[in-house]
Amino acid sequence: MRRTLLGTLLLVAIPMAGAATGQDAMPPAPAPAVPVIDTPADAAGSPCPARPDAAAVPDDPQASTPRAVNRIAVTFDDLPWVMDRNQAPPDLAEHHARLLSALKQACVPVIGFVNDGKLYAHDTLRSERLRMLEDWLDAGFELGNHTAWHSDLHAVGLAAFQADILDGERHLRPLLAERGLEPRWFRHPFLRTGRSPQDKAAMDAFLGAHGYRTAPVTINSSEWIYALAYRNVLNDGADAATLAKIRQAYVDYMVSKVGYYERRSMQLLGYRVPQVLLLHVNELNAAAFSELVARIRARDYRFVGLDEATSDPAFLRRDDFAGELGTSWIHRWAKTENRPETFFFGETATPRWVKQLAGVAAGVE
């Protein structure tokens with residue numbers, strides 16, 4: 001199910017209007033120098049321990065040909081963390097460390113998309129938040145651009161949105177440059193890519209001119225509702241049984257989403273396209289990511305980088321979608337082909353009890 005504007009606003013809490021009007025903007029001072037930190041030998045470039053992924057497990061021990069393997073890329077939005085930038089949670093460092101540990105132990109390629117504005121609190125750059133981005137790079141993960149202020153292309157227009165993309169490089173580009181890297185991937189906030197074919201073409205040209213590729217999403221969800229429920233329970237005293245119930249429901253829900261988009265891929269393309277999973281940096285994924293990876297692996301998935309996933313020819317398909325809905329690229333391709341509304345039926349809905357814990361209306365998804 002789509003991630004709604006309300007949901008993202010609840011989580012991100014970034015003053016987009018201020019970014020558009022010049023209020024509450026970042027200070028004009030240049031980015032501070034970031035020290036060079038050697039990448040640990042067991043992070044980037046080093047092979048992970050052998051894991052029983054589907055790629056190594058044949059159907060029949062006597063067979064010489066392994067069974068077909070599904071592929072999936074994992075992406076995280078809203079780095080350094082989903083939070084009100086002016087009031088970070090007191091346990092931020094603990095949850096950040098827990099998420100990075102889970103990502104490294106899972107031994108999967110990951111890319112995180114950065115909102116530069118969230119490095120600031122009350123217009124002051126927070127060194128500990130910049131260090132959080134360094135932690136991602138030190139662990140061997142890639143970083144991409146998600147704009148500075150998580151602005152909505154459809155709301156602010158092309159010029160303001162393109163300026164926000166460049167503002168999003170304020171710390172990202174020098175941070176990567178110190179490691180001999182450049183930002184390569186851009187993720188549209190709200191997955192809104194343009195109101196018209198002309199706007200979409202202009203955005204594609206702008207991104208290409210600045211060395212970016214659009215990071216698509218095939219598995220989109222209402223993960224934000226579960227994450228908000230989890231954060232609320234933590235804030236209310238962290239009832240262990242309720243937290244465990246949310247984690248289990250969340251993993252079950254996400255696995256059902258994987259199955260749903262598998263089926264839509266088969267129906268539209270005739271095969272299982274490599275999937276691109278959208279997640280967010282939050283307390284729930286810090287606690288549940290390991291179990292989610294294990295459950296996805298059990299579906300015969302091999303985790304790959306975004307480059308490999310998007311090398312599939314499906315990602316060159318025509319995409320005429322220009323609506324408000326932040327939706328999966330599989331759905332975009334289907335809408336471009338004028339598939340009937342019944343094509344989109346069957347997505348798992350978020351349970352009412354989760355919405356109640358999250359404090360969102362019953363009709364929100």
Flag for Thr310-Arg213: side-chain donor and acceptor within less than 3.5 Å:
yes
Which atom of Lys355 lies closest to which atom of Ala362, heavy atoms considered
NZ-O, 2.7 Å
Side chain of Asn282, backbone of Asn285: donor and acceptor closer than 3.5 Å?
yes
Kindly indicate whether the side chain of Leu277, heavy atoms from C-beta on, has any atom under 4.5 Å from the side chain of Met254.
yes
In terms of heavy-atom contacts, does CZ of Arg173 have more than 12 from other residues, nucleotides or ligands at under 6.0 Å?
yes
Under a 3.5 Å distance rule, please check whether Arg195 uses its side chain to pair with a backbone N or O of His154 as donor and acceptor.
yes
Side chains of Phe141 and Ile111, heavy atoms from C-beta outward: is any pair under 4.5 Å?
no
Cationic tip of Arg247 above Tyr250 ring, under 6.0 Å, 45° of axis:
no
Looking at Glu262 and Gln275, what are the two nearest heavy atoms and their distance?
N-NE2, 3.8 Å
Walk me through whether Tyr261 and Trp329 qualify under ring pair (Phe, Tyr, Trp, His ring centres under 6.0 Å).
CA-CA 10 Å; Tyr261 285 109; Trp329 262 243; over 10 Å; no
Minimum heavy-atom distance between Arg272 and Ser265, given as atom pair plus value
CA-OG, 3.5 Å
Cation-pi, Trp149 ring and Lys118 (6.0 angstrom, 45 degrees)
no
Any side-chain heavy-atom pair of Leu175 and Leu133 under 4.5 Å
yes
Check Asp152, Thr147, Asp164 against Pro189 for a side chain to side chain contact (heavy atoms under 4.5 Å, CB included) and give me the one that passes.
Thr147
Any sub-3.5 Å donor-acceptor pair from Asp77's side-chain atoms to Phe113's backbone N or O?
no
Arg264 side-chain N/O to Phe344 backbone N/O, donor-acceptor pair under 3.5 Å
no
Cation over ring, Lys335 on Phe343, under 6.0 Å and within 45°?
no
Is the backbone N or O of Pro216 less than 3.5 Å from a side-chain atom of Thr214, with the two atoms forming a donor-acceptor pair by type?
no
Heavy-atom pair of closest approach, residues Leu158 and Ala202
CD1-CB, 3.9 Å
Chi angles and distances behind the salt bridge (charged side-chain N to carboxylate O under 4.0 Å, His left out) call for Asp204, Lys200:
CA-CA 6 Å; Asp204 288 344; Lys200 293 180 70 171; over 6 Å; no
Can you tell me how far the OH atom of Tyr212 sits from the CH2 atom of Trp185, to the nearest 0.5 Å?
13.0 Å
Please tell me if the side chains of Asn232 and Leu357 come closer than 4.5 Å, counting only heavy atoms from C-beta onward.
no
Face-on cation placement of Arg129 at Tyr120 ring, 6.0 Å and 45° thresholds:
no
Nearest-0.5 Å distance that lies between atom CG in Asn70 and atom CZ in Phe303:
11.0 Å
For His150 and His146, take the angle between the two ring planes, folded into 0 to 90°, and tell me which bin it lands in: parallel under 30, tilted 30 to 60, perpendicular over 60.
perpendicular
Might you confirm whether atom CD of Glu128 has over 12 heavy atoms from other residues, nucleotides or ligands at distances under 6.0 Å?
yes
Start with the C-alpha distance between Asp252 and Lys257, add both sets of side-chain angles, then the distance that settles salt bridge (charged side-chain N to carboxylate O under 4.0 Å, His left out), and finish with yes or no.
CA-CA 9 Å; Asp252 290 345; Lys257 286 290 187 180; over 6 Å; no
Here the gap from Glu94 atom CD to Leu92 atom CG, rounded to the nearest 0.5 Å, amounts to 10.0 Å
Flag side-chain contact, heavy atom, 4.5 Å: Val354 against Tyr230:
no
From Leu278 atom CG to Thr218 atom OG1, the distance as rounded to the nearest 0.5 Å
10.0 Å
Below 30° counts as parallel, above 60° as perpendicular, anything between as tilted: where do the rings of His188 and Phe161 land?
parallel
Please give me the minimum heavy-atom distance between Trp224 and Glu365, naming the atom from each residue.
NE1-O, 3.9 Å
Drop me the distance from Leu284's CG to His95's NE2, to the nearest 0.5 angstrom.
10.5 Å
Which atom pair, heavy atoms only, marks the closest approach of Ser328 to Asn220?
N-CB, 4.4 Å
Within the 4.5 Å heavy-atom criterion, are Arg339 and Leu268 side-chain neighbours or not?
yes
Only one of Gln105, Lys104, Arg98 forms a side-chain hydrogen bond (donor to acceptor under 3.5 Å, both in side chains) with Ser101, so which one is it?
Gln105
Among Leu166, Asn145, Ile165, whose side chain to side chain contact (heavy atoms under 4.5 Å, CB included) with His210 holds?
Leu166
Distance under 6.0 Å and angle within 45° of ring axis: Arg317 vs Phe315:
no
Anything under 30° is parallel, anything over 60° is perpendicular, the rest tilted; go ahead and classify Trp136 against Phe76.
perpendicular
If you draw the axis of the six-membered ring of Phe321, does the NZ or CZ of Arg332 fall within 45° of it and under 6.0 Å from the ring centre?
no
To the nearest 0.5 Å, what is the distance between CE (Met83) and CG (Asn115)?
10.0 Å
